[in-house]
Amino acid sequence: MWCRSLVMVPLLLAWWQGAHPAVAAGMISARVAGMADAAVALPGIEALWSNPAGMIAHPQLSVGLSAMVADGGVRRRSGLYFQPDNGLGAGALGWRRSRWNPGEGIDQIQYTLAISHHVWSFGGTIGWVDYKTADGTGDAGAVVDFGVQFAPGAEVVVGAAINRVYSTLSDGLAIARPQASLGVSTTAVPDLTLALELADLTGPEVGLKVGVEYRLTEAMATRLGTYRGLSRGWESWTAGLGWHQDNWLVDWALVLDAGITHWIGIGWNL
């Protein structure tokens, strides 16, 4: 299925000045960036950060590279190697680097494992994070994420996840704070994917993410999304395009928030 092939586009770091809490520490794909990161209930590799259980749906060996461009330079880089389910689960090895100010950023390497049982999928990620700050107050340590997806029918998926369910990072760091999310996605309308997510349920403010993807042709898709705070009223808007030809995949997304951010991803299904 075209949508499942597209999801291998690799992970990106979402961190920019003024970023909202639920996305500030996350890695997301260029495809999902165009859908406002509403990924907790999306089956596929794009759910790797929002919900590691989702990647079990991706059927092919895949590799890729990504970058995020903002403020006139490349601020985020990442790579991904994905191994599909061989009867013992699907696995992915990922790496990312972010530099948003001189001397400040995140380096992370992680391994994700996902398994499935009937209509249930379960996934977990363990990673090592090196968080750098200009004043030297950063930290380094292990982090663990966990997620689950439930597919009661062919057209509906329900997902829930807790990122940073365990962390050895200093408790005072925002990057170490647990983030819970709950969502649903549906493909009931032909060629259309709709995803809804309640984000940062354990944080200071719950956000609502809404993402839509429409398949124009077998090779092209367009995306729109919005992310809104439910109490203070902040909001961001996103748009994106995807192209898939043979085993090549290219995605681009635009995020309008405190500034303008471009997301670019390229990948191969082997």
Side-chain angles (χ1 to χ4, degrees), residues 10-30 32-33 37 39-40 46-52 55 64-81 92-113 123-147 161-181 199-205 207 227 234 236 255 257-259 261-265:
L11 303 177
L12 287 165
L13 176 66
W15 190 298
W16 58 88
Q17 294 298 319
H20 303 315
V23 298
M27 293 193 298
I28 64 179
S29 75
V32 172
D37 188 26
V40 72
E46 83 279 351
L48 187 63
W49 173 257
S50 297
N51 189 341
M55 75 173 191
L65 297 171
S66 291
M68 192 192 83
V69 181
D71 300 325
V74 178
R75 304 302 179 185
R76 339 286 180 225
R77 302 172 178 87
S78 68
L80 176 70
Y81 172 83
L93 182 63
W95 158 86
R96 61 166 171 153
R97 164 168 280 201
S98 169
R99 294 294 182 268
W100 54 90
N101 282 318
E104 298 183 344
I106 293 176
D107 293 307
Q108 178 171 338
I109 187 169
Q110 65 179 44
Y111 180 76
T112 301
L113 177 67
T125 294
I126 182 169
W128 181 263
V129 175
D130 185 4
Y131 175 52
K132 299 177 174 64
T133 60
D135 59 6
T137 59
D139 197 7
V143 295
V144 177
D145 305 332
F146 177 77
I162 301 179
N163 294 336
R164 302 299 190 257
V165 66
Y166 173 78
S167 172
T168 63
L169 295 168
S170 301
D171 292 339
L173 296 176
I175 188 177
R177 177 175 58 82
Q179 296 180 356
S181 56
D200 207 18
L201 295 173
T202 54
E205 180 177 11
Y227 181 24
W234 49 256
S236 63
V255 178
D257 197 321
T261 303
H262 296 272
W263 306 69
I264 303 169

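As the structure is a prediction and not an experimental result, all values here were calculated from the model. Sequential numbering from 1 along the given sequence is applied to the chain's residues.
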[X] and [Y]: which non-hydrogen atoms are nearest, and at how many Å?
X	Y	value
Ile162	Ala180	CG1-CB, 4.1 Å
Thr133	Gly138	OG1-N, 3.0 Å
Pro178	Thr202	O-OG1, 2.8 Å
Asp200	Pro204	OD2-CD, 3.9 Å
Tyr227	Ala199	OH-CB, 4.0 Å
Ser181	Ser50	OG-O, 4.3 Å

Out of curiosity, [X] [atom1] to [Y] [atom2], how far, rounded to the nearest 0.5 Å?
X	Y	atom1	atom2	result
Asn51	Phe146	CG	CZ	8.5 Å
Arg97	Ile106	CZ	CD1	12.0 Å
Leu113	Tyr111	CG	OH	5.0 Å
Tyr131	Asp139	OH	CG	10.0 Å

Could you tell me whether the side chain of [Y] reaches within less than 4.5 Å of the side chain of [X], counting heavy atoms only?
X	Y	value
Thr261	Arg76	no
Trp95	Arg77	yes
Asn163	Arg177	no

Which residues satisfy the side-chain contact (heavy atoms from CB on, under 4.5 Å) test with [X], sequence neighbours excluded?
X	value
Ala134	Glu104
Thr125	Pro52, Gln110, Thr112, Asp145
Leu93	Ile109

Between Ile175 and Gln108, is a side-chain contact (heavy atoms from CB on, under 4.5 Å) present by the stated rule, with each step listed? CA-CA 12 Å; Ile175 188 177; Gln108 178 171 338; 5.8 Å; no
